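Report on the following structure.
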Amino acid sequence: MEKPRLRFAPSPTGYLHIGGVRTALFNWLWARHTGGAFVLRIEDTDQERSTPESKQVILDSLRWLGIDWDEGPEVGGEHGPYEQMQRLSLYAEWAERLIAEKKAYRCYCTKAELDAQREALKKADPKAQFKYPGTCRNRTDKPDLPSVVRFMTDTAGEVVYVDKVFGEVRTPNKELQDFVLVRGDGVPLYNFGAVVDDITMGIGIVARGRDHMINTPPQILIYQAFGAKVPEFAHLPMMLNQAGAKLSKRDGAVGVFEYRDLGYTPGAVLNYLVRFGWSHGDQEVFSKQQLVDVFNWEACGRGDGKFDPKKFASIQHEHLKSKGLTPDDEYVTRVLPFLAARGLANVDRAMVERALYTIRERATTLVDAAEKLDYYFRDEPVMDEKAAAKFLVKEHAENLRAFRDVSADGEWTEAALEARAVAFLAAKSLEMKHIAQPARVALTGRTASPSLYQVMFVLGRDASLARLDRAVARAEKAG
RNA sequence: GGCCCCAUCGUCUAGCGGUUAGGACACCAGCCUCUCACGUUGGGAACACGGGUUCAAUUCCCGUUGGGGUCGCCA
């Protein structure tokens, strides 16, 4: 079987939306699964909205996610250029071919005229559908006026294709019209540019959001007009917000980098997004490599899905919990910037790595992780005064001092610390709960933390004893 | 409104004619426990409705309802 070539073709009109990531991901997964190629193409023909900054954000977002492209901007390839505004002459040439073969024609109707016709029809019959009436279809003159190129759509027949996700889709040609291929200024419209590029770039499978389904029939007509092989199409169900509408900025974070800044990791983002419209039995958690291994179109569903931040967070939690999904080294690298954001720059990498196992099961995001790592990296923990007022008080001072002394008296390992504490408690007929919270507040400045022995071990003897000493002093002074 | 698509717990989903309709998130209760988590046990929670087809429909067909998409010289 021929290795399939797939593509992701975003328009650089803003940040990379997570819906776009899902589309990119499915294409990328299939390319990697099959050993095919993944092409990135920038569709910048909307000159009003496209910006170089957006293009850069999209490239950076994909790189952050680990979705790499075999051909495209900044990596090149034999089918380039990969930005549509650099391919204008190609579109002009291909459009002329269609005109010469009477499969397309120049239309001199102005936008104003068309708008007026649309308005008039709407007034006469609000329910009617405006379609270009074919005014310029048979014009033979060539006035020196601005013109667009329109496709000459045969009103007979129907377009049929078998979607890899939705199955057979049929559209009668009479539902279509003489749509515009190329603007007056020579810049192609989406349907034309995409098809010409997909043909010349050898794209064999086009996977995109279901909102593009409406474009497929006219695109197939263009393929046929060129005598080109029609690719396979796979439309993906929509990702909606919790209200069931299209996901937008109003629904909270939708840009990839917003999630990066929220402390999400690429693997978790991809894991959450892949479950929109795709499943693998009961499995919820996947590594990127597993996804590449098991992804297929057959397991794609058709129903739209609603974005669930809670589930997303839980997937992120799973990824941070598992060393297999987020190895220590990667975890440290990723959490460092978040520690820096808390004023903890230049912390010891090895120390972070040592502390990791104490928070693995507790941290949901990297922001969360940095927060939970905080007290390991300060001379004195940031004290929760409410907690201090409750636990660092006279009534606990004696036990706290005793706990400090017994801890100090021997080997500084988790097991040894625990053994001495247990023996001490037994001798005093005390229970751990009598000293745990004061000690916790002393060591961490807060009422919730990993096991005291773990904290003390990671902190080390000197820092731990210093904190306990200070707490004892404070407790004795307090009421 | 025309055209297109969709329809299993609140959410993501498994199911591909015969199941006590499964899992995950979220929620509730218990256990574990030095706190927080983790883990674990259990619980509530779904086949939109109506017709067919069939010995048998969540599953196949049709309709209804509901939802979504799209109707540009945007992509």
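Just so we're on the same page: letters track the sequence lines, and every chain starts at 1. Being a predicted model, the structure only gives us computed values, none of them experimental.
- By the ring pair (Phe, Tyr, Trp, His ring centres under 6.0 Å) test, A:Trp94 pairs with A:Phe226, sequence neighbours left out.
- For the contact set between residues 156-172 of chain A and RNA chain B, defined by any heavy atom under 4.0 Å, the members are A:Phe166.
- In this structure, the nucleotide among B:A75, B:C25, B:G69 sitting nearest to the side chain of A:Lys311 is B:C25.
- For A:Gln437, the listed nucleotide lying nearest its side chain is B:U35; candidates were B:U35, B:A26, B:C73.
- Annotation: B:U8 and B:A48 have their C1' atoms spaced 11 Å apart (nearest Å).
- Distances were taken from every side-chain heavy atom of A:Arg210 (C-beta onward) to each of B:C12, B:A37, B:G68; the shortest belongs to B:G68.
- Smallest separation of non-hydrogen atoms from A:Pro327 and A:Arg360: C-NH2, 3.7 Å.
- In this structure A:Phe377 satisfies the ring pair (Phe, Tyr, Trp, His ring centres under 6.0 Å) test with no other residue, sequence neighbours excluded.
- Taking the six-membered ring where tryptophan is involved, the planes of A:Tyr272 and A:Phe307 are perpendicular, since the angle between them exceeds 60° and thus also 30°.
- Residue A:Arg440 places none of its side-chain N or O atoms closer than 4.0 Å to OP1 or OP2 of B:C36.
- Taking the six-membered ring where the residue is Trp, the centroids of A:His396 and A:Phe403 are separated by 6.0 Å or more.
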Exercise for the section: Take A:Met383 and A:Val441 through the test side chain to side chain contact (heavy atoms under 4.5 Å, CB included) and record every step on the way to the result. Expected result: CA-CA 8 Å; A:Met383 188 58 68; A:Val441 173; 3.6 Å; yes

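- In this structure, B:U59 makes no Watson-Crick or G-U wobble pair, since no nucleotide meets both defining distances under 3.5 angstrom.
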